[in-house]
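Data first, discussion second: the structure below is written as structure tokens.
Atoms within a ligand are numbered from 1 in the order they appear, just like the ligands themselves.
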Amino acid sequence: MNIWGKGKRSALVTGGSRGIGAAICRRLASEGWGVVVNYARNADAAASVVAEIEAAGGNAVAVQGDVGRQQDRQRIVAAALDAFGQLNALVNNAGITSVGRRDILEATEESWDVVFDTNLKGPFFLSQIAAKEMIRMIRSGAQSEGYIVNISSISAFAVSTNRGDYCISKSAVRMMTKLFAQRLADEGIYVHEVCPGVIESDMTAPVKEKYDRLIADGYWPIRRWGTPDDVASAVATIVSGAFSFSTGNCFLVDGGFHIRSL
Ligand code: NAP
């Protein structure tokens, strides 16, 4: 059932139940967006993000679906349209790290397949489905524009030999962003990449000590962990339309990690 009024914007955030995705959901809801909180397995976490948003006076629905599965992708977008009647932004945030973090000489095809399904194939084909719906609604006048924001990683350019599949999947997200940006600009849909550095979340919890040491050693200029809110702030600014003559950009949220020094 469409619970949303004409002229109000709505966003689908994949992996919105925890970490960076949950922060994006909370931030967009606080700015008046209707939010679809997608999750794969953790229904309780998604429900608590929805409850938090509603308690603050916002609008959100939780939608289960594995972005790596074709039938789920169709269902997620259909549920988003059903809830809010339009789709102004897709945030491809859901992602997983390499299974077992094995050295590339020991890496498995099982890890490769699930990492690529989640981090690359899912976002690519979800963007395809969402873009077609956005085009339909822009042409009919139901909405004026659309955004797709892809969450990549500094692993798109920084080598970790124990996470080869993750690094390669994230570097491909960069080309995917440019492809959709080129194809969709004439349709009024703008596509960007947000590239986080080391962010405090469940994903990085197992390697917390390593990153604590790197921060203490000044491995990146801004000596602290990034927060999910740091990333959410960048996404919210992009979909606000603040960058009105831009598409295909990569916005680094990495504490300056990308700067090389001698
Ligand atoms: P996280 O804390 O592990 O949360 C991952 C989220 O993705 C959860 O909501 C999870 O849902 C969902 N998810 C996982 N597989 C899914 C699937 N197949 N379909 C739908 N949802 C799925 O991760 P995070 O640290 O917030 O990372 C979010 C994104 O930022 C990822 O793309 C990651 O690669 C990227 N990133 C993270 C960092 C970092 O330092 N944390 C740095 C750079 C980039 P469930 O709760 O149901 O499992």
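At a heavy-atom distance under 4.0 Å, only side-chain atoms of I96, from C-beta outward, approach ligand 1. At a heavy-atom cutoff of 4.0 Å, ligand 1 is contacted by no atom of T97, backbone or side chain. Neither the backbone nor the side chain of E200 has any atom closer than 4.0 Å to an atom of ligand 1 (non-hydrogen atoms only). If you look at N42 next to ligand 1, the close heavy atoms, those under 4.0 Å, come from the backbone and the side chain alike.
Those atoms of ligand 1 with a heavy atom of G65 less than 4.0 angstrom away are 19 (N), 20 (C). Taking every heavy atom of N38 and a limit of under 4.0 angstrom, the matching atoms of ligand 1 come to 20 (C), 21 (N). Taking a cut-off of under 4.0 Å to the non-hydrogen atoms of S153, the atoms of ligand 1 that pass are 43 (C), 44 (C). Of all atoms in ligand 1, listed by their number and element, those nearer than 4.0 Å to a heavy atom of V198 are 40 (O). Atoms of ligand 1 lying under 4.0 Å from any heavy atom of T204, numbered from 1 in the order shown and given with element: 39 (C), 40 (O), 41 (N). Of all the atoms in ligand 1, the ones that sit under 4.0 Å from a non-hydrogen atom of D202 are 2 (O).
For N119 (side chain) and I96 (main-chain N/O), a donor-acceptor pair under 3.5 Å exists by modelled atom type. D113 places no side-chain N or O within 3.5 Å of a backbone atom of E110 that could act as its donor or acceptor partner. The closest donor-acceptor contact from the side chain of N38 to the backbone of G15 lies under 3.5 Å. Looking only at distances, no side-chain donor or acceptor of E187 sits under 3.5 Å from a matching main-chain atom of I189. R101 contributes no side-chain N or O that, together with a main-chain N or O of R163, makes up a donor-acceptor pair within less than 3.5 Å. Not a single donor-acceptor pair under 3.5 Å links the side chain of S153 to the backbone N or O of A156. Formation of a donor-acceptor pair under 3.5 Å by the T204 side chain with backbone atoms of I199 is found in this model.
Considering both main-chain and side-chain atoms, G21 never comes within under 3.5 Å of ligand 1 through any nitrogen or oxygen pair. Ligand 1 has a nitrogen or oxygen under 3.5 angstrom from a nitrogen or oxygen of D66. Residue S201 places at least one N or O, backbone or side chain, under 3.5 Å from an N or O of ligand 1.
Not a single heavy atom of R69 sits under 4.0 Å from any atom of ligand 1.
From the protein, the heavy atom lying nearest to atom 42 (C) of ligand 1 is G197 O, 3.0 Å. The nearest protein atom to atom 9 (O) of ligand 1, hydrogens excluded, is given as S17 OG, 2.7 Å; this is a heavy-atom distance. Shortest contact from atom 15 (N) of ligand 1 to any protein heavy atom: R41 NH2, 3.5 Å. Atom 16 (C) of ligand 1 has as its closest protein heavy atom A40 CB, 3.7 Å. For atom 19 (N) of ligand 1, the nearest non-hydrogen atom of the protein is V67 N, 3.0 Å. Summary of contacts: the protein heavy atom closest to atom 34 (O) of ligand 1 is Y166 OH, 2.6 Å. Among protein heavy atoms, atom 31 (C) of ligand 1 sits closest to N93 O, 3.2 Å.
Under the 4.5 Å side-chain contact rule for hydrophobic residues, V198 and I24 do not share a cluster. Tracing side-chain contacts under 4.5 Å through hydrophobic residues (I, L, V, M, F, W, Y), one never reaches L252 starting from V191; they form parts of separate clusters.
Around atom 37 (C) of ligand 1, the closest heavy atom drawn from V114, I20, I199 belongs to I20. Closest to atom 48 (O) of ligand 1 by heavy atom, among R18, R73, Q64, is R18. Nearest-residue assignment for atom 35 (C) of ligand 1 (options S152, A156, G15, A205; heavy-atom criterion): S152. For the residues A94, G16, G95, the heavy atom positioned nearest atom 5 (C) of ligand 1 is part of G95.
Taking the six-membered ring for Trp and the full ring otherwise, H192 and F251 have centroids separated by under 6.0 Å.
Applying the side-chain hydrogen bond (donor to acceptor under 3.5 Å, both in side chains) definition to pairs two or more places apart or across chains, none involves residues 236-245.
Under the 4.5 Å side-chain criterion, counting only non-hydrogen atoms from C-beta, V13 is not in contact with V36.
Side-chain contact annotation: W225 with D212, donor-acceptor N/O pair under 3.5 Å present.
By the 30° and 60° cut-offs, the orientation of the rings of F124 relative to F180 is perpendicular.
Salt bridge absent: D66 and R75 never bring a charged side-chain N and a carboxylate O closer than 4.0 Å.
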